[in-house]
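Taking it in order: structure first as structure tokens, then the write-up.
Throughout, protein chains are lettered first and strands after them, A, B, ... in sequence-line order, and every chain is numbered starting at 1.
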Number of protein chains: 2
Amino acid sequence: MPVDGEPPVPSSPRKRADARRNERVLLDAAAEVFVTSGVEAPVRDIATKAGVGMGTIYRHFPTRADLIIAVYRHQVDACAEAGPALLANNESPYDALSQWIDLFVDFLVTKHGLAGVMRSDHAGFEALHAYFLDRLVPVCAQLLKAAARTDEVRADVDALELMRGVGNLCVSIGDDSHYDPRRMVGLLIAGLRQQPQSS
Amino acid sequence: MPVDGEPPVPSSPRKRADARRNERVLLDAAAEVFVTSGVEAPVRDIATKAGVGMGTIYRHFPTRADLIIAVYRHQVDACAEAGPALLANNESPYDALSQWIDLFVDFLVTKHGLAGVMRSDHAGFEALHAYFLDRLVPVCAQLLKAAARTDEVRADVDALELMRGVGNLCVSIGDDSHYDPRRMVGLLIAGLRQQPQSS
DNA sequence: GAACATACGGAGCGTTGTTCCGTTTCGCAA
DNA sequence: TTGCGAAACGGAACAACGCTCCGTATGTTC
């Protein structure tokens, strides 16, 4: 009996070759469709683009959120890992926080519709939501706590709440050039600063 | 020939009695369904509740947004009219602005799902969007300009943009008790303040 | 190459928004 | 009162969508 040397990370039992290939094809097709039609593109479109049937999509990614997660996992992870690095490279934790938020905002606004789906109350997106939050909230909390410790920001703001607020600010409507998520988030983060001492 | 003493406000030509009655019934039913199921409730539900057919709804309110507008028109108008009053009754325009935003936020968060639909990119909601903005943005602009004139807030913020930001912050997800739109909007408005003079 | 598990495809179901048109009802006038 | 045309009604029907299900095809293994 051959010893199974695989680390526990990947899809545990050996998968058939065509299945593995289709997973890649799907991921690529989805990524492509997402940039042209947004993350809310019809599942059928993705299946067509990938040249597979509906069933194949749903077998690989039981819910649409799982597909989105898979497509963006790398970028989310990169964002999460940037947090501690920024904290180490900045004298001011507030600056680190601010830069990290910029990173997060860049990620959201460049993925057409991602922010919109994050706030979605549509059923089936809990997994997406949970993944993003699980991965990013702790990082945000760390940055926030550091900035609170140096009295640069208020201490009464919750990381989860802040992330939600930033996410909400990043949903943009159509092609309105008057609305700039980055500026609005900038305002929010500015509002976070500790007021020196008001009465 | 009888003089038409009607003000120019209501639906211009005389409508049939049953049509007028149904419009009222629909408005009431819609308002009721909106509070229980949110503004995204299926049109069929509203029709059923009102005891009318689908066709009747769409004849009175060509798009769903028109129905929502009709239901909330009074409250939007009240909010718009509160702006100048607040400006007159407050020494600080910033306080007036802040209180007006509170009013607006209260309106949004008490209407389950309204904020969500405001930011919607779904087709057919342009009318709703336009109505809200047409009615409220000028008021906001007035308050903002007054506050900018007294150097209480930055001068580089657009009223439309601010309204969008506030609206976005007000969409809440499910029943999450961790997210308080009012607090987030508070941060945003705090961020609006003119920094005394940073380098 | 035979046999079995695995994976595939797409027809089909349920749910929504919206349209369309045959039927009913209203309002007015003879 | 009765008759008639216009106005309004109701709900069947269509389209678009997410998701499921199962008969078929294809790897994989011996």
Count I, L, V, M, F, W, Y as connected when their side-chain heavy atoms are under 4.5 Å apart, and connections chain through other members. Are [X] and [Y] then in the same cluster?
X: A:Phe132; Y: A:Ile68; answer: yes
X: B:Leu169; Y: A:Val153; answer: yes
X: B:Val171; Y: A:Leu160; answer: no

B:Tyr179-A:Asn168 side chain donor-acceptor pair, cut-off 3.5 Å: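 Checked: B:Tyr179/A:Asn168 side chains pair up, N/O donor to acceptor below 3.5 Å.
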Please report, to 0.1 Å, the donor-acceptor pairs under 3.5 Å made by any side chain of residues 98-107 of chain A, with sequence neighbours excluded.
unit_1   : atom_1 : unit_2   : atom_2 : d
A:Gln99  : NE2    : A:Asn90  : OD1    : 3.1
A:Trp100 : NE1    : A:Cys79  : O      : 2.9
A:Asp106 : OD1    : A:Arg182 : NH1    : 2.1

Between [N] ([atom2]) and [X] ([atom1]): distance, integer Å:
X: B:Asp66; N: C:dG17; atom1: CG; atom2: C1'; result: 14 Å
X: A:Arg44; N: D:dA15; atom1: CZ; atom2: C1'; result: 11 Å
X: A:Ile57; N: C:dA7; atom1: CD1; atom2: P; result: 16 Å
X: A:Glu23; N: C:dA7; atom1: CD; atom2: P; result: 11 Å
X: A:Ile46; N: C:dG10; atom1: CD1; atom2: C1'; result: 17 Å

Any side-chain heavy-atom pair of A:Ile46 and A:Leu67 under 4.5 Å: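 A:Ile46 reaches A:Leu67 side chain to side chain.
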Student check: side-chain heavy atoms of A:Lys111 and A:Phe34 closer than 4.5 Å: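 They are not in side-chain contact.
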Short side-chain N/O contact to C:dC8 OP1/OP2 from A:Asn22, under 4.0 Å: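 So the side chain of A:Asn22 is within the cut-off, an N or O lying under 4.0 Å from OP1 or OP2 of C:dC8.
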Any A:His60 side-chain N or O less than 4.0 Å from OP1/OP2 of C:dC8: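 True: A:His60 side-chain N/O within range (under 4.0 Å) of C:dC8 OP1/OP2.
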Closest-nucleotide ordering on DNA chain C, the 5'-leading residue of A:Val52 and B:Pro62: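 Result of the comparison: A:Val52.
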Interface with DNA chain C, restricted to residues 24-39 of chain B and to heavy atoms under 4.0 Å: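 Those residues whose heavy atoms fall under 4.0 Å from DNA chain C, taken from residues 24-39 of chain B, amount to none.
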Contact pattern, 5' to 3', of nucleotides 21-30 of chain D - B, S or - by protein heavy atom under 4.0 Å: B----BSS--
Test: B:Glu23 and B:Lys15 ion pair at under 4.0 Å: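 Answer for the salt bridge query: yes.
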Any donor-acceptor N/O pair, A:Asn22 side chain to A:Ala19 backbone, under 3.5 Å: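 The answer is no, because no donor-acceptor pair under 3.5 Å joins these two groups.
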